[in-house]
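The structure appears right after this line, and notes come after that.
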Amino acid sequence: MRQGAAWFALAAAVPLSAAALPSWEAPPAVQAAARSDYIEHCGGCHGVAGSSAPARVPELRGRVGWFLCTTEGRDYLIRLPNVAHAPIDDPEALAALVNYVVFRLGGESAPAGARAFDGAEVAVLRRSPIVRASLLRERARLVADIRRRCPAAPASLADYSG
Amino acid sequence: MPDHSSDARFERLLRRLAGHSSRRGILARLGATIVAAPVFPLLPVSHAQSGKDRSVRGKTGFARTAQTKDDTQCDYWRYCAIDGSLCTCCGGGVHTCPPGTEPSPTSWVGTCINPDDGRAYLIAYRDCCGSSACNRCNCDNTDRATEIYRPSTNNDIIWCFGVSSMEYHCSTAVVVGTAE
Amino acid sequence: MGGIGRMRQRISVIAALLSAAGVQAQAQTPPRPPELPVEESDVAALPVLGPRVVMVNTNWGSTGARLFDGDTGKMLGLIHEAQLSNVALDPAGRYFYVAESIWTKGNRGTRQDMLTVRDARTLKVVREIALPGRLLVGTRKHDLGISADGRYAYVYDFDPASSIIVVDLVRSRVLGRTEVPGCGLSAAIGAAASLSLCADGALAVTTLDARGRGSVSRSESFFSAENDPIFDNFAVDTASGAAMMLSYTGLVYPVDASGEPKAPTPWSVQEAAGLPRASTAPLAVNWLPGGRQPMAWHKPSGRLFVLMHMGEYWSQKEPGTELWVIDSATRRVLTRKKLKHKASFVEVSQDAQPLLFLNEEETLWVLDAATLEQKHEIANAGGGTLTTFGPVR
């Protein structure tokens, strides 16, 4: 994204402590658009702030970042059909939406050093949505794997909701 | 839910034009695509920040004729895609559930234009659940509402997931952000 | 009226004749009508439902699926249902299946979802099959499908993950659940498959294996579920897997879901009338399809009956002010009929001299589908999806 690249060039000139940086930085306009896209396309079911408990909807708030613990978990976030098929054609904008979910709604849950999504990665992954398998079983399998590899991941990650 | 289409005055005006004015009448009978001249000035729509064009949303029949004064009417601006009874007529408010009911944590989200400021707002159509149907001020507006295989924009689903009772009472229209 | 009743009636007629003879003899005495026969309460049974019976499924408000004889215009009976239920007939005509949801204490307590099986003659409950869930939504036909051989029921669930619950109707038990990620609806296709539409504009067919476990195959994306969606209430011939689908702008999609789902080639109802295709652009006024069940398909003749109105795009629930009769083979509009009353639901019987049914605001109209002459106007008939008892649902 040209706008984003320009902003990064600008940001590079400003000395900031790397440790203090969240894993996703973007210009305010991009973040605002990502939040707006999230609310418009996802927030109804998942909740404006990433929680709609006790509805049977996966909790995003403070939790979703753990999926970045494994490559498969990371890919899953884009391969979810409602993400892959979201009516957001621009892969950079879709990447920003998912980054907003992972690094803002997900709070501290993303593993240290987790990389933000970019448009190129999203463009490839959204071409293979999970449409022929059980999402619930796939999610359960991924979470079991995440909990093995990242023992700090909370047991509640396995809950479908709440 | 009962069918009460409410988009209203402009549609009725169009039909009257189609029915009574001879040239338009003939066009209408033939069914050729005609372009409705806006009776109200088209509103500016703020989309400067991200560059997304929301202006199309300001040009629907509903948006052109929506009002901002009376939230118990189907043509109140934020009801551009509401289906059901207005909670404002049932003892509640635009974002307030009537006594004895509870808001669902889930909803679907539409986009409506506020004619006072020209902004596109994200509106959560949140059902109040847990009591029998209020059945007052029934509206069924359809701006960008789609079918149930695309549930995130369907207004016929009973959006009472995650509430202790799934009985539908009425619908609210909660501003949850601006459409950037 | 039973046999005893009829016999009583005959006896009373004879008695009346005899007493009339007596009157002649006794000149001045005014004639006294015969005493009415004593009656007993009994219960009617439904006839075997022919193709010219229509079911009006009112699943909101005064709930119940009301059955009307299209020839006489008389109501035959009502199938009980909870709010927001689906009702389907066993293809062999033995049972009605009602997919319904209730709570143990009225509007609260434990939720109970079930497929209630009712005898198609007496409407008595034959059995109940507990379901693990179902979607609560109004006026949809394809949330409940019954396979062509009557063996399986497919119940659409959204909780809010999308899945199809497969019920073995022979053994009266739920076999399992097949997820249809990103898709919705569960119309029955053939003996062991179910058809869904998807949010990315594809068709999905869920095919059951011998143990009733489903696997999903999908077509390419061919329509926009966001900008020009296909109406949920399409027409489908369960036996052959052929379906006629219609989009908000008036594109007809002839679907063949008998094998691997393939993207259909659409054509426009407006072009079939010699008009330009409808536009989704703001301010453009077009003839558009609309209502809740905006198209009926008479499969034997290939005729489509579409409810049309004038308006701008995003008026998809506007009831029709005109009925367009279209030959789907030649893709030509045969008739444009201005309706005396607007209608949101249309259905047609599948026999050789079909009847057309229109519904709006609790009134049901029965028309001759060939001449479009009105045969009956039935008030307080209920309002909701219309179903006839033929192969096309």
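Just so it is clear: chains get the letters A, B, ... in the order the sequence lines come, proteins before strands, and each one is counted from 1.
The stretch residues 102-110 of chain B places B/Pro105, B/Thr106, B/Ser107, B/Trp108, B/Val109 near chain A, each with some heavy atom under 4.5 Å from a heavy atom of that chain.
In this structure, CG in A/Leu80 is found 6.0 Å from CG in A/Leu135, a value given to the nearest 0.5 Å. In this structure, CD on A/Glu59 lies 10.5 Å from CG on A/Leu105, to the nearest 0.5 angstrom.
For B/Cys129, the disulfide bond (SG atoms under 2.5 Å apart) criterion is met by B/Cys160, not counting sequence neighbours.
Looking at B/Arg136, its side chain never comes within 3.5 Å of a backbone N or O of B/Cys90 through a donor-acceptor pair.
Cysteines B/Cys170 and B/Cys87: SG-SG separation is under 2.5 Å.
A salt bridge links A/Asp145 with A/Arg149: the distance from a Lys NZ or Arg NE/NH1/NH2 to an Asp or Glu carboxylate oxygen falls below 4.0 Å.
Neither the backbone nor the side chain of B/Ser164 comes within contact range of chain A, judged by heavy atoms closer than 4.5 Å.
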